[in-house]
Each structure stands twice: as structure tokens, then as C-alpha cells.
Amino acid sequence: MNTVVVGLQYGDEGKGKVIYYLCDSYDWVVRYQGGANAGHTVHINGAKYVLHQVPTGILRGKKCYIGNGCVVDVGALKQEIQDLQDQGVTVNPDLLSISPKAHVLFDTHIVTDIKNNGHIGTTNRGIGPAYSDKINRKGIRFDEYTKDLPAQHMWVGDYVKGRLDDLIESGNVLFEGAQGTMLDVDHGTYPYVTSSNTTSAAACTGTGFPITKIDQVIGVAKAYVTRVGEGPFNTRMSEKSENILREIGNEYGATTGRPRNCGWINLDDLEYASKINGVSKVYLTRLDTYFDFLNKADRPHMYLVDGRRVSLQHYNNFDEFVKECCGLVAARLNVKVSASIGPEEKDIVEL
Ligand code: IMP
Ligand code: MG
């Protein structure tokens, strides 16, 4: 089974947890777009792991691959590998490899990103400038970079290896999306987007994997919406509600620590995201957080449906509440919806 997992909102939907849960039954876990702008948080037995460039599968000892569609910051990758190893996770060139066609993200890209950032509110990880060089045919790919590695990055040579044939032969690949649909450079809220395609089709262009071999696309959505950085946010909450939710949900960026803006779920956007990704199943996350929040908010409601706010009926009983939320999304998107009701893998409930 070849499966693509994508975020259906503005990133930070809880993809890390869902991918960790799902990847147990896959041989490969593959990143295909983005770079160190991503922050995938996974809680395992009380310990917290934050991944930026290394696929989440590494936490289960799965074979991991960083595809050609990614822009890789070698210094940041070294630090991430070190941090994972310090937490007892095995990372080595047998488990992790980088496509020779992936692009190298240099410090100059970061400097340019910081200088130009202004109105977009990027993560300052150099993502836009690195993709600009790629599209402008001025980028340096790992095949070229490894011919003459700088002394401090000699180690990375061992990790660079094309694995496309292995992926195709395996036929059991989980493609790990980063960011979310509404941040897609083509289909998101342009220009307030990231500089890559975050939607499911990028799994193919970002690896070379044939489109005809993708079996399913799974979407991850949060029971409410968060957004970091600038851009339109039509269901943003009142400041008071937002502050309550941010604290309950610890809604601060995993990469930058910035406070995330919070809003009500928007089923119109979700339907759009589900349609363009070809999603057949959704995991609805942070239902525990949303439930706690609704019981503390002054006006417990609401979902946005057809531009209108509707009240939830069951915000007193948690089990009923979970069923109602998942039911609303399932009915609107016409897909199966399962729930995530806590930080750990065991908190994912197949409905
Ligand atoms: P960039 O990807 O750093 O260029 O940032 C572009 C926009 O995408 C900004 O609004 C960022 O806050 C947002 N963004 C990038 N990566 C992530 C992510 O992993 N989660 C949430 N937002 C992100
Ligand atoms: Mg994140």
C-alpha cells in the first residue's frame, strides 16, 4: 500500500502523531517537499520528539528518505540527527538517505529569507530563497554538492543515495506531507503560502514515484484551525477565546515558538482541501483540547458550514462530542473520519 498523508489546513494539524501511528505497517517513510520549516511533534510514552527534516518513521526504525522535492539545510540536519541520537533514536545512513536530486539550502538563503520576510511571516529557514534558486536553475543539488564537500559537512556524503527504485519495488511507502493545503504555493492563500506544493500530487513530483502507484490519500485536520505567519484567516476567534485556546492547546510553533493564531474549523475550506488532495479518509485531531476549550469559552459553539456558524449539540459529554464533530466532517466531506483525543498513539480512535 502506498499512502500519502497531507495536512488539510495551515500545517500543525497533528500530522506527526498520525504518521507515527500509521507508519508501523509501512516499510518506508518519505518526505517529498519543504525543509526545516516543518515541525512534526510526536509524544511517545511521555517523551516528546520534534522532527524538522528527518521523516517521522525514524522513530520506529523505518527506512526513511528525503526526496528530490525537499530543500535540505545540512547544518540543521546534523543538529537534528544529533538531538534524535541523544534521545536514543537510531539514525544512520542505512536508515536515512537523501536524494542526490534534492537541493542544498545554504546560509545565504536564510540571510535572504530574513531580509525579505516582512509581510509573509515566514519561518526564516531560507525556504523561499532556496526554491527560488531551484526554479531559477541556479540551485546546487546534492549530487554536485557531494563532489566537493566542505570539511564540516563531510559526514553527509554517506547519506546521499537515490532510493526511488527501492521505493517502487517495496510498494509499501508512506509519504509524509509537511505544512498544509492552504499553504500550497499554487492552491493555498497565495501569496501567504510556503514555497512548495504541499498537496498530495507533490508526493510524486517530489520523489519520482509514479502517480499510478499511489493507493490512497489520508488527510489530517484539527478540530479547530491554527495559523502562524500572515495571511487571510476568515474564521479567526475573538482575542479572548484565542488566548484561552492557545494556552490550553499550547499552540506555539514547534519550529519558531511563535504564538499561533486560532480560529473555528471551516468546513468549506476543508471540503476544498479534501477534494483537491483526493482524500478518502480524515483524522480529526485535538478533540480533547477543543472539548476542554469549549467548556471554558464564554460562548461554546461553533463550526463554520456554508459560511454560517452552527452550534454543537453535545459539548457536555466527551464521547458524544467526539462522535458529533467527526460526524459533521464525515457528512460534509463524504469520507471516513477517525478521531485523535490525546497526544499519544493510543489516543487515536478508529470510528
Ligand atoms: P516558509 O515556509 O518559512 O517560507 O513560510 C511561509 C508561510 O508558511 C508562513 O506563514 C509560515 O508560518 C508558514 N509555515 C511554513 N512551514 C510551516 C509549518 O510547518 N507549519 C505551519 N506553518 C508553516
Ligand atoms: Mg508543525
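Heavy-atom basis, side chains included; hydrogens, waters and symmetry copies ignored. If you read the sequence from its start, that first residue is 1, and numbering goes on from there. What you see is a predicted model, and the numbers here were worked out from it, not measured in a lab. Read the numbers this way: they start at 1 and go in the same order the structure lists the ligands and their atoms.
Of the charged side-chain nitrogens involved, at least one lies within less than 4.0 Å of a carboxylate oxygen, so that Arg332 and Asp268 count as a salt-bridged pair. Salt-bridge annotation for Asp73 and Arg125: absent, with no side-chain N of the basic residue lying under 4.0 Å from a carboxylate O of the acidic one.
The six-membered or imidazole ring of Phe175 lies near that of Phe209, with a centre-to-centre distance under 6.0 Å.
The aromatic rings of Phe321 and Phe291 are tilted relative to each other, their planes meeting at an angle between 30° and 60°.
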> Between Tyr145 and Phe106, does a ring-ring contact (aromatic ring centres under 6.0 Å, His included) hold up when you go through it step by step?
Replying inline: CA-CA 11 Å; Tyr145 184 63; Phe106 294 98; 5.8 Å; yes

> Please walk me through it: do His109 and Asp133 pass side-chain hydrogen bond (donor to acceptor under 3.5 Å, both in side chains)?
Replying inline: CA-CA 9 Å; His109 294 131; Asp133 277 353; 2.7 Å; yes

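In summary, the side chains of Thr3 and Tyr26 do present a donor paired with an acceptor at a separation below 3.5 Å, with no hydrogens or angles considered. Counted by atom type alone, Gln179 and Asn37 present one or more donor-acceptor pairs between their side chains at under 3.5 Å.
Checked against a 3.5 angstrom limit, the closest N/O atoms of Arg258 and ligand 1 fall inside it. Between Thr123 and ligand 1, a contact under 3.5 Å exists for at least one N or O pair.
For the atom pair Gln152 CD and Met154 CE, the distance stands at 10.5 Å (nearest 0.5 Å). Rounded to the nearest 0.5 angstrom, Ile244 CD1 and Glu239 CD are separated by 11.5 Å.
In this structure, Val193 counts as a contact residue of ligand 1, since one of its heavy atoms falls inside 4.0 Å of the ligand. Remark: distances from the non-hydrogen atoms of Gly121 to ligand 1 include one below 4.0 Å. At least one heavy atom of Ala38 sits closer than 4.0 Å to an atom of ligand 1.
The shortest contact between atom 21 (C) of ligand 1 and any protein heavy atom is with Asp12 OD2, 3.1 Å. The closest protein non-hydrogen atom to atom 23 (C) of ligand 1 is Leu183 CD1, 3.7 Å. Nearest protein heavy-atom neighbour of atom 17 (C) of ligand 1: Gln179 CG, 3.5 Å. Scanning the protein for heavy atoms near atom 2 (O) of ligand 1, the closest one is Thr194 OG1, 2.5 Å. The protein heavy-atom contact nearest to atom 10 (O) of ligand 1 is Val228 O, 3.1 Å.
Counting only protein atoms, the N, O or S atoms lying less than 2.8 Å from the Mg ion (ligand 2) are Asp12 OD1, Gly39 O, ordered by chain and residue number.
If you run side-chain hydrogen bond (donor to acceptor under 3.5 Å, both in side chains) between Glu176 and each of Arg31, His40, Gln33, only His40 comes through.
Selection from Thr255, Thr122, Ile120 by nearest heavy atom to atom 4 (O) of ligand 1 gives Thr122.
Contact annotation for Arg125 and ligand 1: no heavy atom of the residue comes within less than 4.0 Å of the ligand. The residue Tyr192 has no part lying near ligand 1, judged by heavy-atom distances below 4.0 Å. At a heavy-atom distance under 4.0 Å, no atom of Asp113 approaches ligand 1.
For ligand 1 and Tyr10, the ligand atoms under 4.0 Å from any heavy atom of the residue are 21 (C), 22 (N).
The side-chain heavy atoms of Tyr49 and Val54, taken from C-beta on, include no pair separated by under 4.5 Å.
Annotation for Asn136: atom CG counts as buried by contact number, over 12 foreign heavy atoms lying within 6.0 Å.
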